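Notes follow the structure.
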Amino acid sequence: MTDKTAMPPQSEAVQNPPQEAQSKTLKRVVVSSFLGNFIEWFDYASYSYFATVIALVFMPGDNPTVALLETFAVFALSFLMRPIGAVFWGNMGDKKGRKWALTASILLMSGATFLIGCLPTYAMVGLLAPVLLLLLRMVQSFSASGEYAGAATFLAEYAPANKRGLYCSVVPASTATGLLCGSMFATVMYAVCGHDSAFVTDWGWRIPFLLAGPLGLVTHYMREHLSDSPVYAKMQSDLENKKGPAVKAPFRTLMKKYPRVLIISFGACMLNAVGFYAVLTYLPNYLIDTVQYDSAKASMITTICLVVYIAFIFFSGHISDKFGRKKMLITACVGFVVLTIPAFYLLSSKDFMVILLVELAMCFLLTINDGTLSSYLTETFPTDVRYSGFALSFNMANALFGGSASFISIALIEATGNAIAPAWYMVGISAVALVAMILSHEHSGKDLSEI
């Protein structure tokens with residue numbers, strides 16, 4: 001006689017392997033998404049923190065200030081490739097699959113970054129050096145424009161619906177981690193070798209760019225051995241079974257069928273674009289140049305804020321799964337409208353603890369937006385145009401408002417003579433984003449195949 005009490009363990013044993021395999025796959029998706037975005041932002045931080053050295057190496061040496069401006073001009077010009085790259089990678093990601101776009105973009109992005117570390121100097125090849133630097137920065141920016149949107153889309157389509165916000169928060173967390181590591185790398189190198197040492201000028205600045213090569217290959221290998229997302233695979237299966245119309249031109253479909261959704265998403269991304277660059281990259285310069293605060297203390301505050309910011313990101317992603325994306329994003333908008341101007345007044349106190357608490361409060365507000373935005377955008381567009389919609393709205397906002405945030409802030413202070421002028425700009429952007437979020441729809445927790 002068969003002992004029926006032995007059957008449940010055997011049944012569980014049969015069911016467990018698929019669950020374990022699914023869990024391992026999700027972990028690989030998380031790690032590869034984190035690494036891809038980390039490479040991009042480690043490069044961004046390295047370029048910013050080694051800007052004075054790069055200016056010395058690649059630009060004519062007659063005027064150091066002009067050389068530094070030219071270095072940042074190269075960086076700013078590369079942002080023009082973001083919308084172009086968004087259209088290309090979004091279109092290909094929706095047509096050929098998330099996996100295809102992400103495996104191709106990481107090779108281009110990490111390859112261009114690696115080659116920057118191999119470039120000849122101005123002393124070697126003259127004006128060809130800054131030209132090559134600009135070309136590689138443009139290739140890097142073009143390929144990176146599909147990374148954030150693609151990684152978030154890939155993660156969202158793999159993640160459980162009730163934990164989508166938490167899993168998608170990995171993408172903005174990798175951004176902050178890249179900035180933190182780039183900042184720490186430059187700080188340690190300058191502390192050990194000095195700003196003007198021959199090692200830093202000859203080879204030190206090249207190291208973070210060269211690291212992109214092996215990191216990119218590891219990420220490419222991981223992505224190459226993943227299947228495309230279940231949501232995208234289901235859409236393809238439905239198309240093969242004639243259950244839905246094939247989308248031959250995702251970008252054209254996006255523009256024709258979803259212009260209102262695209263405009264609202266662009267408005268939501270404006271606050272993220274300005275807030276991210278203003279809070280994490282402009283405020284340290286504001287403290288030093290406008291408030292006349294000690295640069296070492298300003299740097300220490302920024303480092304502390306970046307560490308806390310990463311923890312805040314995951315917390316915000318988790319909370320958005322409980323309360324919904326729309327409520328979280330509206331809260332961030334209202335917070336910036338109400339608190340930005342008082343925060344800027346408090347920054348002029350020159351008191352370490354006051355400034356630290358103010359920046360931490362600004363970081364917390366930003367993470368409510370940043371930790372929620374990626375999951376919100378993946379839930380805003382249907383599967384056939386999800387990659388395109390996310391990439392275009394996010395990259396357009398960053399190209400138009402993110403890259404110019406520091407420049408506009410400085411220009412406003414110069415034009416008005418008012419040190420608080422950047423705060424009013426931030427309030428205006430937050431108000432526009434608030435209107436966009438009020439007009440948006442809530443899709444938290446829904447099956448992405450049904451959006």
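Below, each value reflects all heavy atoms present in this structure, side chains not excepted, and no hydrogens, waters or symmetry copies. In this chain, numbering begins with 1 at the start of the sequence shown. None of these values were measured; they are calculated from a predicted model.
- Between atom CD1 of residue I106 and atom CD1 of residue I39 there is a gap of 4.0 Å, rounded to the nearest 0.5 Å.
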Inset, instruction - Go through the steps for L115 and L119 under the test side chain to side chain contact (heavy atoms under 4.5 Å, CB included), then give the verdict. - result: CA-CA 6 Å; L115 288 175; L119 283 178; 5.8 Å; no
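- Note: Y286 and F344 have perpendicular aromatic rings, judged against thresholds of 30 and 60 degrees for the angle between ring planes.
- Shown here is M255, whose CE atom has no more than 12 heavy atoms of other residues, nucleotides or ligands within 6.0 Å.
- For the pair C181/W41, no side-chain contact is recorded, criterion being any heavy-atom separation below 4.5 Å from C-beta on.
- Checking N91 against Y387 by side-chain atom types alone, no donor-acceptor pair falls below 3.5 Å.
- The shortest distance between side-chain heavy atoms of D384 and P250 does not fall below 4.5 Å.
- D321 places a side-chain N or O within donor-acceptor distance of the main-chain N or O of G165, the cut-off being under 3.5 Å.
- Listed for the K99 side chain is a donor-acceptor partner under 3.5 Å among the backbone atoms of E224.
- The backbone N or O of S145 sits less than 3.5 Å from a side-chain atom of N395, completing a donor-acceptor pair.
- In the model, S388 has a side-chain atom that pairs as donor or acceptor with a side-chain atom of D94 under 3.5 Å.
- A perpendicular orientation is assigned to the rings of F185 and F50, their planes being inclined by more than 60° (bins at 30° and 60°).
- In this structure, CH2 in W205 is found 11.5 Å from OH in Y190, a value given to the nearest 0.5 Å.
- How far NE2 of H220 is from CG of L102: 10.5 Å, rounded to the nearest 0.5 Å.
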Contacts table for residues 261-271: side-chain donor-acceptor under 3.5 angstrom, sequence neighbours left out:
residue : atom : partner : partner atom : Å
S265    : OG   : V261    : O            : 2.9

Inset, instruction - Starting from the C-alpha separation in whole Å, work towards a yes-or-no answer on side chain to side chain contact (heavy atoms under 4.5 Å, CB included) for L215 and S110. - result: CA-CA 8 Å; L215 285 174; S110 58; over 6 Å; no
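- With rounding to the nearest 0.5 angstrom, the CG atom of L283 is 8.0 Å from the OG1 atom of T302.
- Side-chain contact between N37 and E40 is present, with at least one heavy-atom pair separated by less than 4.5 Å.
- A side-chain N or O of Y232 and one of Q236 form a donor-acceptor pair less than 3.5 Å apart.
- Between T187 and S183, some side-chain heavy-atom pair lies under the 4.5 Å cut-off.
- Nearest heavy-atom pair across S32 and L226 is OG-CD1, 4.0 Å.
- In terms of heavy atoms, I413 sits closest to A421 at N-CB, 4.3 Å.
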Inset, instruction - Give the intermediate values and the outcome of side chain to side chain contact (heavy atoms under 4.5 Å, CB included) for residues F34 and T177. - result: CA-CA 9 Å; F34 182 94; T177 306; 3.8 Å; yes
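- Of the residues listed (Y44, F42, F209), the one engaging T113 in a side chain to side chain contact (heavy atoms under 4.5 Å, CB included) is F209, and it is the only one.
- Side chain of S440 to backbone of M437: a donor-acceptor contact under 3.5 angstrom is found.
- In this structure, the ring of Y122 has its center no less than 6.0 angstrom from the ring center of F58.
- The existence of a salt bridge linking R325 and E379 is confirmed by a sub-4.0 Å separation between a basic side-chain nitrogen and an acidic carboxylate oxygen.
- Between I319 and F323, some side-chain heavy-atom pair lies under the 4.5 Å cut-off.
- A heavy-atom distance below 4.5 Å is found between the side chains of Y167 and L26.
- Smallest separation of non-hydrogen atoms from M328 and G324: CG-O, 3.2 Å.
- Side-chain atoms of S374 and F390, non-hydrogen and from C-beta on, do get closer than 4.5 Å to each other.
- Ring pair W89/W100 is tilted by interplanar angle, where 30° to 60° counts as tilted.
- Separation of atoms CG (N272) and CG (N369) is listed at 4.5 Å; rounding is to 0.5 Å.
- Judged as a salt bridge (Lys or Arg N to Asp or Glu O under 4.0 Å), the pairs with a partner in residues 136-160 (not counting sequence neighbours) are, in order, D43-R137, R98-E157, E147-R223, E157-R386.
- Between S449 and V231, the closest heavy-atom pair is OG-CG1, 3.8 Å.
- Not less than 6.0 angstrom separates the ring centroid of H318 from the ring centroid of F314.
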